[in-house]
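Chain identifiers are assigned alphabetically (A, B, ...) following the order of the sequence lines, protein sequences preceding nucleic acid strands; residue numbering begins at 1 within each chain. Everything quoted here is computed from the prediction, not taken from an experiment.
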Amino acid sequence: MDGIHDLGGRQGFGAVAHSPAEPVFHQPWEARARALLVVVAGAVQASGGEFRHSIERMEPGHYLTSGYYEHWLTAAATLAVEHGLVTGSELEASAGGRFPLSGPVIAPPVDEAGPDVGRPRFGVGDRVRVRDWHPPGHTRCPGYVRGKAGTVVRVDGIYSVPDIEAHGTARRYEPTYSVRFDAAEVWRDGQRGVWLHVDLWDSYLEPS
Amino acid sequence: MDGIHDLGGRQGFGAVAHSPAEPVFHQPWEARARALLVVVAGAVQASGGEFRHSIERMEPGHYLTSGYYEHWLTAAATLAVEHGLVTGSELEASAGGRFPLSGPVIAPPVDEAGPDVGRPRFGVGDRVRVRDWHPPGHTRCPGYVRGKAGTVVRVDGIYSVPDIEAHGTARRYEPTYSVRFDAAEVWRDGQRGVWLHVDLWDSYLEPS
Amino acid sequence: MSSSAHHPAPMSPMERRVAALEALLTERGLVPEGFIEEITRRYESEIGPMNGAKVVARAWLDPQYKQRLLADGTAAIAELDLGGAEGDHMVVVENTPAIHNVVVCTLCSCYPWPVLGLPPAWYKDPPYRTRMVREPRALLAEMGCLLPEEMEIRVWDSSAEVRYLVLPQRPPGTENMTESELAGLVTRDSMIGVARL
Amino acid sequence: MSSSAHHPAPMSPMERRVAALEALLTERGLVPEGFIEEITRRYESEIGPMNGAKVVARAWLDPQYKQRLLADGTAAIAELDLGGAEGDHMVVVENTPAIHNVVVCTLCSCYPWPVLGLPPAWYKDPPYRTRMVREPRALLAEMGCLLPEEMEIRVWDSSAEVRYLVLPQRPPGTENMTESELAGLVTRDSMIGVARL
């Protein structure tokens with residue numbers, strides 16, 4: 001999904017509000033919201049992909065004007081409603097006001113996961129190109145490297161593909177790779193000595 | 001600028017709130033805001049590119065959670081402040097509260113416009129490819145066609161390049177073309193019979 | 001005088017911001033008297049889709065006008081005394097039984113003011129701008145414009161100086177109508193391309 | 001009892017939403033008693049950058065440990081009894097006089113919880129996520145981390161299952177420090193890579 005969460009390289013967001021140290025939770029409700037996500041994800045057996053996608057589906061204006069723990073609360077409530085633990089009207093009645101949830105999944109459900117990839121197709125040093133695609137569902141392939149060529153610098157373990165697990169009970173397992181891109185090739189801005197490393201599943205890549 | 005305004009193909013925004021007819025202005029302040037932009041743009045001699053860029057530089061969360069005439073008002077106030085007609089503190093004092101303005105220009109000023117392109121490089125039927133680039137300033141080259149190949153279907157007049165005029169007093173003139181893209185090649189989603197036409201300045205294009 | 005006149009509704013934050021900018025610009029002598037009212041009146045009453053509807057009706061009745069309109073939209077539209085800002089470079093795209101045209105502006109809200117007036121809110125908001133170039137067939141259907149699967153869709157993203165007007169097909173059963181009756185059939189949506197007549 | 005106890009501050013909209021979800025889930029028997037307090041306590045007091053600092057100090061003092069840490073981060077970190085969620089697949093990247101490493105998660109907020117705790121707000125907000133992959137040299141400078149122009153920057157976007165820890169360079173003049181004194185020098189920012197020591 002080409003969603004609002006896919007932020008790498010987008011412009012106009014201004015300065016980083018950096019603080020060298022800060023409380024773990026700024027408000028007590030943040031801690032409770034975080035814990036409630038753990039409760040809901042456990043109760044509905046949400047995969048990591050399904051959890052992340054429930055945040056990505058937030059109304060984009062809401063996503064940008066709310067912090068991380070409001071994202072988590074929205075995800076917890078959305079998953080709770082989608083899995084039938086509670087209803088949206090129960091939430092609004094209990095909250096005494098609006099309780100915005102994330103938008104619907106726009107990708108079709110995945111019934112067939114397709115075959116696992118048991119062995120890495122690529123090795124360290126191989127040139128690869130990221131697929132130039134626009135999947136409508138959850139993916140961990142950031143937009144800013146799509147279509148770009150890079151070099152494998154590390155082969156990691158074999159992991160469940162998020163694009164599959166976010167959309168049903170089927171699972172597919174594939175190796176992931178850390179792929180190095182020259183920032184100047186990604187952004188075409190002549191910067192020097194900057195390497196971007198993105199961790200990508202096997203099916204995101206093609207030989208280059 | 002890879003800004004929040006470059007919306008073509010982004011996902012998660014939900015249904016169109018379509019109405020077959022509606023008042024030209026929903027609130028009297030909308031009409032006044034619109035007129036004030038005309039006042040300011042005239043007073044500071046803002047080019048179309050500079051005007052549009054002053055909207056594109058709005059804080060992205062503000063952009064997405066406000067309507068068109070709030071964009072125009074923010075542009076009018078931003079241009080008025082940037083050209084010294086008023087100050088931000090005068091605006092906030094007079095409004096009795098926050099008056100959010102757009103963020104700063106992040107692209108360098110353009111002193112040298114470069115040579116005009118007096119004749120079209122391409123003709124109807126020519127295959128062209130949009131530059132795969134990420135200019136940090138104003139541009140009218142939408143992100144969704146960058147790097148994509150298409151066919152020229154119309155050659156239009158010779159116009160001032162927005163990328164130049166938005167960033168200074170220099171001007172460059174180039175032909176524009178209407179370029180046709182197969183939607184299935186842009187989105188890789190197998191849709192059929194859909195052609196996207198984007199109007200592009202000469203320097204956005206390369207022969208394909 | 002009623003008591004409410006003594007206690008007008010408090011201004012909204014947007015009203016306060018507009019009033020603030022207006023007051024400061026007026027103080028600097030930049031706002032000619034009556035300017036805001038006059039420009040507002042013009043956009044509220046003089047321009048609007050009734051202008052585009054006249055162009056369409058004329059093209060339906062006069063094949064030579066239609067030819068001129070498709071060859072040079074700006075000039076043919078000027079024959080009806082229409083033109084001006086955001087209408088200096090008009091291209092008219094024709095619907096046929098096999099082709100449907102629809103207009104969008106993904107980067108901002110470009111729209112042919114002289115023939116359609118100011119754009120409706122939905123045209124300027126993100127859902128329309130994001131989706132019309134990505135899934136026009138599905139979005140048109142959602143908006144009530146169901147097209148046969150074999151109908152070709154041409155989307156026009158107004159990204160440069162040209163502004164687009166869709167020339168809808170003349171509906172059947174209108175053979176005896178006058179130009180002004182025909183113009184009455186032409187909706188704003190049919191000239192944007194989110195509806196067929 | 002003070003009067004304010006009878007009139008507690010009204011709940012904010014966020015507090016009301018959290019309370020609503022918590023009440024409904026509790027009513028359904030899904031929230032074990034004390035669960036929220038226990039998980040909160042753990043993240044507030046047991047995990048945090050003091051854990052990563054121990055790993056770094058050990059690596060500075062023990063070359064063989066450092067070798068194991070760079071070869072298999074997860075296993076070497078587990079030697080210090082650290083591990084768990086968001087730390088199952090750790091990769092440690094080493095700063096040198098010629099190379100600076102920095103970690104980001106552009107798609108969400110992935111972060112190595114067992115060694116650094118929960119991420120700070122700025123790590124999760126759009127400015128950091130948008131800019132660290134686009135203009136890391138300028139952003140690092142803006143954040144107070146000025147690097148010589150010839151220093152190579154390696155940005156690690158935590159887009160899959162691996163979580164990253166930066167191994168900062170040991171500052172000069174620390175030759176006689178104990179492991180715990182050294183750990184006291186290691187900041188969270190130096191292990192994310194937005195500062196050097």
Side-chain angles (χ1 to χ4, degrees), chain B residues 5-11 13-22 24-26 29 31-33 35-36 38-40 43 52 55 64 67-68 70 73 76-77 80 85-86 90-91 94-97 99 140 142 144 154 156-157 159 176 178 183 187 191 193-201, chain C residues 12-25 28 30-31 35-36 39-40 43-44 48 89 91 106-109 117-122 124-131 133-137 139 142-143 149-162 187-189 194:
Chain B
H5 67 286
D6 190 0
L7 286 170
R10 307 302 299 177
Q11 296 179 304
F13 286 89
V16 171
H18 178 251
S19 61
E22 53 174 38
V24 172
F25 300 108
H26 289 76
W29 70 258
R32 303 193 87 78
L36 290 175
V38 178
V39 167
V40 172
R52 290 199 177 90
I55 292 181
L64 288 185
Y68 179 69
E70 188 167 339
L73 180 74
L85 300 183
V86 303
E90 284 176 324
L91 286 169
S94 177
F99 200 130
R140 295 291 288 180
Y144 72 96
R154 213 181 57 241
D156 292 316
Y159 302 107
T176 67
S178 181
W187 305 118
Q191 63 183 299
V194 175
W195 302 95
L196 308 176
H197 303 78
V198 185
D199 289 350
L200 299 165
W201 266 265
Chain C
S12 71
M14 282 314 300
E15 288 169 328
R16 283 192 278 116
R17 284 188 224 158
V18 173
L21 182 61
E22 185 178 335
L24 289 164
L25 294 173
R28 271 78 165 151
L30 294 168
V31 187
F35 175 81
I36 295 180
I39 195 172
T40 301
Y43 280 107
E44 279 188 329
H89 311 287
V91 167
T106 61
L107 294 174
C108 55
S109 314
L118 297 182
W122 56 264
K124 302 174 285 194
D125 285 343
Y128 186 77
R129 290 164 54 195
T130 53
R131 297 176 62 195
V133 294
R134 180 143 187 171
E135 41 168 0
R137 205 176 291 274
L139 180 55
E142 222 177 278
M143 295 176 77
E149 219 181 290
E150 63 280 10
M151 185 174 284
E152 179 181 320
I153 297 178
R154 296 183 180 176
V155 181
W156 303 88
D157 189 350
S158 323
S159 49
E161 299 294 334
V162 163
T187 62
R188 177 197 68 190
D189 284 0
V194 297

| Contacting region of C/L107 [heavy-atom separation from chain B under 4.5 Å] | both
| Region of C/S158 in contact with chain B, defined by heavy-atom distances below 4.5 Å | backbone
| message | Quick check on B/S19 against chain C: is it the side chain, the backbone, both or neither that has a heavy atom closer than 4.5 Å? | response | both
| request: Report the C-alpha distance between B/Y159 and C/H89 in whole Å, list the side-chain angles of each, state the deciding distance to 0.1 Å, and finish with yes or no for ring pair (Phe, Tyr, Trp, His ring centres under 6.0 Å). | output: CA-CA 11 Å; B/Y159 302 107; C/H89 311 287; 4.7 Å; yes
| request: Select, from B/V40, B/V198, B/T176, B/L200, the one with the greatest count of heavy-atom pairs under 4.5 Å involving chain C. | output: B/V198
| Which bit of B/D6 is near chain C, if near means a heavy-atom gap under 4.5 Å: side chain, backbone, both or neither? | both
| query | Between C/E22 and B/V39, does a side chain to side chain contact (heavy atoms under 4.5 Å, CB included) hold up when you go through it step by step? | reply | CA-CA 10 Å; C/E22 185 178 335; B/V39 167; over 6 Å; no
| At a heavy-atom separation under 4.5 Å, does C/R188 approach chain B through its side chain, its backbone, both, or neither? | side chain
| task | Test side chain to side chain contact (heavy atoms under 4.5 Å, CB included) on B/L36 and C/V18 and set out the steps. | result | CA-CA 8 Å; B/L36 290 175; C/V18 173; 4.0 Å; yes
| Ionic contact status for B/R140 with C/E161, cut-off 4.0 Å | no
| Does the pair C/L24 and B/L91 meet the rule for a side chain to side chain contact (heavy atoms under 4.5 Å, CB included), with working shown? | CA-CA 8 Å; C/L24 289 164; B/L91 286 169; 3.7 Å; yes
| request: May I have the step-by-step check of side chain to side chain contact (heavy atoms under 4.5 Å, CB included) for B/F13 and C/D125, ending in yes or no? | output: CA-CA 9 Å; B/F13 286 89; C/D125 285 343; over 6 Å; no
| task | Among the options B/R154, B/H26, B/Q191, pick out the one with the most heavy-atom pairs lying under 4.5 Å from chain C. | result | B/R154
| What option among C/A19, C/G117, C/G48, C/A121 has the most heavy-atom pairs under 4.5 Å with chain B? | C/A121
| request: List for me each residue that meets ring-ring contact (aromatic ring centres under 6.0 Å, His included) alongside B/H5, sequence neighbours excluded, and say none if there are none. | output: none
| query | Between C/R129 and chain B, which part of the residue has a heavy atom less than 4.5 Å away: side chain, backbone, both or neither? | reply | both
| field | C/R17 bridged to B/E70 by N-O distance under 4.0 Å | value | yes
| message | Using the ring-ring contact (aromatic ring centres under 6.0 Å, His included) criterion, which residues pair with B/W187? Sequence neighbours excluded. | response | A/H134, B/Y144
